[in-house]
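All values reported here derive from a predicted model rather than from experimental measurement. For ligands, and for the atoms within them, numbers begin at 1 and follow the listed sequence.
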Amino acid sequence: MTKDKNNWLEKMALAHPLVIAGPCSAETEEQVMKIAHQLAKTDATIFRAGVWKPRTRPGNFEGVGEIALPWLQRVKKETGLLTAVEVANATHVKLALEYDIDILWIGARTTVNPFAVQEIADALENTKKIVLVKNPINPDLELWIGAVERLQTANIKNIGAIHRGFSTYQKTAYRNNPNWQIAIDFKNRLPAIPLINDPSHICGNREGIFDVSQMALDLQFDGLMIETHTNPDKAWSDAKQQITPTRLAEITKNLKLRKSKFEKEFALEKLENLREKINLIDNELIKMLSKRMGVSKKIGTVKKEQNVAVLQPNRWNEILKESIKKGDKEGLSNLFMEKIYKAIHQESIKIQEDILKR
Ligand code: PEP
Ligand code: MN
């Protein structure tokens, strides 16, 4: 990523993109060591393993707990990989520090809870350890940033963020919907905080990992956290989404790294021409939108004179349907047209409501 960040990631001089890999959960010492030794031969530089597992419903495997921490120490000693665990309360933090784990991450179910995050921040005060904050399970940028701020207030300097997607009630192709715009907004608000992507928890399956990882790199994420297991089908948690170290190596080999900026003169010139075109089109677009809202205002006056309701469902349905159809013919996606027209209609309603209120 950009060279002017001067953050922990650059100071550590780890490969770009940073690859964090390892099982969803530490299961046995043998499993941990086997995965770690295979990962040491890949691009992974940090070994992750859940020791305390936050499960949605009780009765599932909830992690082996403290006994796994010496296994992670062995991983570091034998492979040189740095180690990472999830912490969800002050006790976890205390133990992780006692066993000198290098990186602590706050899981999505913990980031939602300011009390828990504050407890972790207090337990970690002044630490030099790296602390990664996963996005909260709900799409709330402020809650995510708030968690980072609690750590910053506790004088924790080495902070990173992980985009692991967001829960939805209606099931989509993803286990946790990637809301790339929230990640982009996060980056804009906190540009110095390295941003890592977790395609495993986004996808919930093995098939999507490559594409989501590539998307993340195309959006200039700084690293990837990918769940890896030598026998994924037999994993004690998140079996469907884990991949083997061999597959991980294949994925990282095939990922395309993009330059963060244009280098060649001609490319720059070409780009500037195209951007100039975009600017002209945007000028027109804005003028047209303003014109449309002007007409909408006039309609508002007529509605006020006739004492007619602002929302006319039939007319609105017709506009929406026709716009989607016309957009479709012009190669614009139905979803895009729907979003645009809903935004335009909302603004129209607001303008007319202001007139009716007068
Ligand atoms: C995990 O990383 O294993 C995990 C529980 O992730 P999340 O907090 O993103 O659900
Ligand atoms: Mn998991």
Side-chain angles (χ1 to χ4, degrees), residues 18-27 31-32 35 39 44 46-58 60-65 68 72 82-89 92-93 96 101-113 116-117 120 130-140 143-144 147-148 151 160-168 171-172 174-179 182-183 186 195-206 208-209 212-213 216 221 223-244 248:
L18 179 72
V19 179
I20 305 172
C24 178
S25 308
E27 298 164 5
Q31 171 245 18
V32 164
I35 298 170
L39 282 175
I46 298 173
F47 183 82
R48 65 147 281 156
V51 165
W52 302 283
K53 300 303 299 177
R55 306 315 296 271
T56 303
R57 298 182 61 196
N60 294 315
F61 170 62
E62 296 198 322
V64 295
L72 294 183
L82 298 174
T83 53
V85 294
E86 173 174 350
V87 291
N89 58 40
H92 297 163
V93 169
I101 303 298
D102 302 293
I103 293 135
L104 287 69
W105 86 80
I106 300 178
R109 291 163 192 75
T110 306
T111 308
V112 290
N113 182 348
V117 174
I120 293 168
I130 295 161
V131 185
L132 305 176
V133 185
K134 287 204 176 194
N135 64 252
I137 45 179
N138 53 323
D140 186 336
L143 204 49
W144 196 6
V148 170
L151 297 176
I162 304 177
H163 173 221
R164 51 76 81 193
F166 300 89
S167 266
T168 49
K171 283 300 145 211
T172 68
Y174 299 101
R175 177 178 174 196
N176 293 291
N177 219 31
N179 191 325
I182 293 183
F186 182 98
L195 191 55
I196 291 157
N197 189 259
D198 173 349
S200 305
H201 291 90
I202 287 177
C203 294
N205 62 51
R206 291 168 205 152
I209 306 272
V212 170
S213 301
F221 274 69
L224 300 166
M225 181 191 253
I226 301 182
E227 285 189 341
T228 319
H229 197 291
T230 43
N231 194 352
D233 286 333
K234 290 274 151 35
W236 296 2
S237 59
D238 287 353
K240 282 198 215 122
Q241 70 197 31
Q242 302 205 55
I243 57 172
T244 61
L248 177 78

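The shortest contact between atom 5 (C) of ligand 1 and any protein heavy atom is with Glu86 OE1, 3.6 Å. When only non-hydrogen protein atoms are considered, atom 2 (O) of ligand 1 lies nearest to Arg48 NH1, 2.7 Å. Closest to atom 6 (O) of ligand 1, if we only count protein heavy atoms, is Lys134 NZ, 2.9 Å. Ala108 N, 2.9 Å is the protein heavy atom nearest to atom 8 (O) of ligand 1.
Listed by number with element, the atoms of ligand 1 under 4.0 Å from a non-hydrogen atom of Arg164 are 7 (P), 9 (O), 10 (O). Interface of Gly107 with ligand 1, defined as ligand atoms under 4.0 Å from a residue heavy atom, comprises 8 (O).
When non-hydrogen atoms are compared, ligand 1 lies under 4.0 Å from neither the backbone nor the side chain of Met225.
Results of the side chain to side chain contact (heavy atoms under 4.5 Å, CB included) test with Arg164 over Asn197, Ile196, Asp198, Thr111 single out Asp198 as the only residue that passes. For the side chain to side chain contact (heavy atoms under 4.5 Å, CB included) with Phe166, the lone residue among Ile182, Ile137, Ile202 that qualifies is Ile182.
Distance check, rounded to the nearest 0.5 Å: CG of Leu72 to OG1 of Thr83 gives 5.5 Å.
With hydrogens and angles disregarded, a donor-acceptor distance shorter than 3.5 Å links the side chain of Asn135 to the backbone of Gly165. When atom types are taken as modelled, the side chain of Gln242 and the backbone of Ala235 share no donor-acceptor pair closer than 3.5 angstrom. Formation of a donor-acceptor pair under 3.5 Å by the Asn205 side chain with backbone atoms of Lys240 is not found in this model. The closest donor-acceptor contact from the side chain of Lys53 to the backbone of Asn60 lies at 3.5 Å or more, if one exists at all.
Counting only N and O atoms by type, the side chains of Asp238 and His229 include no donor and acceptor under 3.5 Å apart.
For the pair Lys53 and ligand 1, the shortest N or O to N or O distance falls below 3.5 Å. Between Arg109 and ligand 1, an N or O atom pair is found at a separation short of 3.5 Å. Any N or O atom pair closer than 3.5 Å counts here, and His201 shares at least one such pair with ligand 1.
For Asp238, the N, O or S atom with the smallest separation from the Mn ion (ligand 2) is OD2.
Under a 4.0 Å N-O distance rule, the pair Arg48/Glu227 qualifies as a salt bridge.
Residue contacts with ligand 1 include Cys24, since one of its heavy atoms falls under 4.0 Å from the ligand.
Geometry note: the Mn ion (ligand 2) is the vertex, His201 NE2 and Glu227 OE2 are the arms, and the angle is 90° (rounded to 10 degrees).
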